[in-house]
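Proteins get letters first, then strands, A, B, ... in listed order; numbering begins at 1 in each. Note that this is a predicted model, so its numbers are computed, not measured. Computed over heavy atoms, backbone and side chain alike; hydrogens, waters and symmetry mates excluded.
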Number of protein chains: 2
Amino acid sequence: MSEDLPHPDRAEIRIEAVLHALADPVRLHYVRELDRIGTGVACGAIELPVTKSTRTHHLRTLREAGVIRMRKEGTARIATIRRDDLDARYPGLLNAVLSAES
Amino acid sequence: MSEDLPHPDRAEIRIEAVLHALADPVRLHYVRELDRIGTGVACGAIELPVTKSTRTHHLRTLREAGVIRMRKEGTARIATIRRDDLDARYPGLLNAVLSAES
DNA sequence: TCAATAGTACGACAACTATCGTAGTTCGAC
DNA sequence: GTCGAACTACGATAGTTGTCGTACTATTGA
């Protein structure tokens, strides 16, 4: 049953949630890797210093904040940055965060 | 004794701390008001739906993250946004956050 | 000197959250 | 069908944080 995970609509994305999602080092690293790779990538393909279940937790935070989109593909879930939505709603924000020095 | 409160140097400002500081609704509202008013303003001059001590807590978070600078002036403390430092370190970030719709 | 004003410090508490382990689900391959 | 791979869900726990009340400090003014 390809019940997909819920994502907020573009209009529902809240700036506080986006900032909070990006404020965590693990999540920020994940989003930066996603950005560096460019194309969508399986959740597990990006190395993180946490367990699988913690990873799921962080990915849910990013997804529910509207930062990433996840779609099923076989047993994997492919994650992509919601660049269009974020750029439309908060122009310049994503670029500023991603291009910031560590 | 005019011992001043500690502020991080420009180079010490961390993106995670800035994002975390701005991710709270109370703090974001405060920074937006600071920006709207433009000039430095006494801490207490901006209305917040919290008590004095909670306000102090939030202002410390903003100060320690490097988002605002506070200087003593009589019994008051004047708060200003560290726009120069933030723009230098994370170009576009502050503008993107401040201009975001509620 | 005394009182009022503006803010900080500290202790307490509830809510949130980052983490983990374990169990469950879904899909593809054999 | 069965096994493994890739995740998610759930429950527990320790640490963080937003909130408050009270007490304290520093400065101004009467």
Kindly write out the residues that satisfy salt bridge (Lys or Arg N to Asp or Glu O under 4.0 Å) with A/Glu73, not counting sequence neighbours, or none if the list is empty. A/Arg71
A/Lys72 NZ - C/dT26 P separation (whole Å): 7 Å
Sort and list the pairs that fulfil side chain to side chain donor-acceptor pair (under 3.5 Å) and have at least one residue in residues 33-43 of chain B, not counting sequence neighbours. B/Glu33-B/Arg36, B/Asp35-B/Arg83
B/Asp4 CG - D/dA26 C1' separation (whole Å): 13 Å
Who are the salt bridge (Lys or Arg N to Asp or Glu O under 4.0 Å) partners of A/Arg10, not counting sequence neighbours? A/Asp85
Can you name the side chain to side chain contact (heavy atoms under 4.5 Å, CB included) partners of A/Ala76, sequence neighbours left out? A/Ala42
For B/Leu62 and D/dT17, what is the distance between atoms CG and C1' respectively, to the nearest whole Å? 14 Å
Per-nt protein contacts along nucleotides 7-20 of chain C (heavy atom under 4.0 Å; B base, S backbone sugar-phosphate only, - none) come out as BBB-------SBBB
What residues form a side chain to side chain donor-acceptor pair (under 3.5 Å) with B/Arg27, not counting sequence neighbours? B/His58
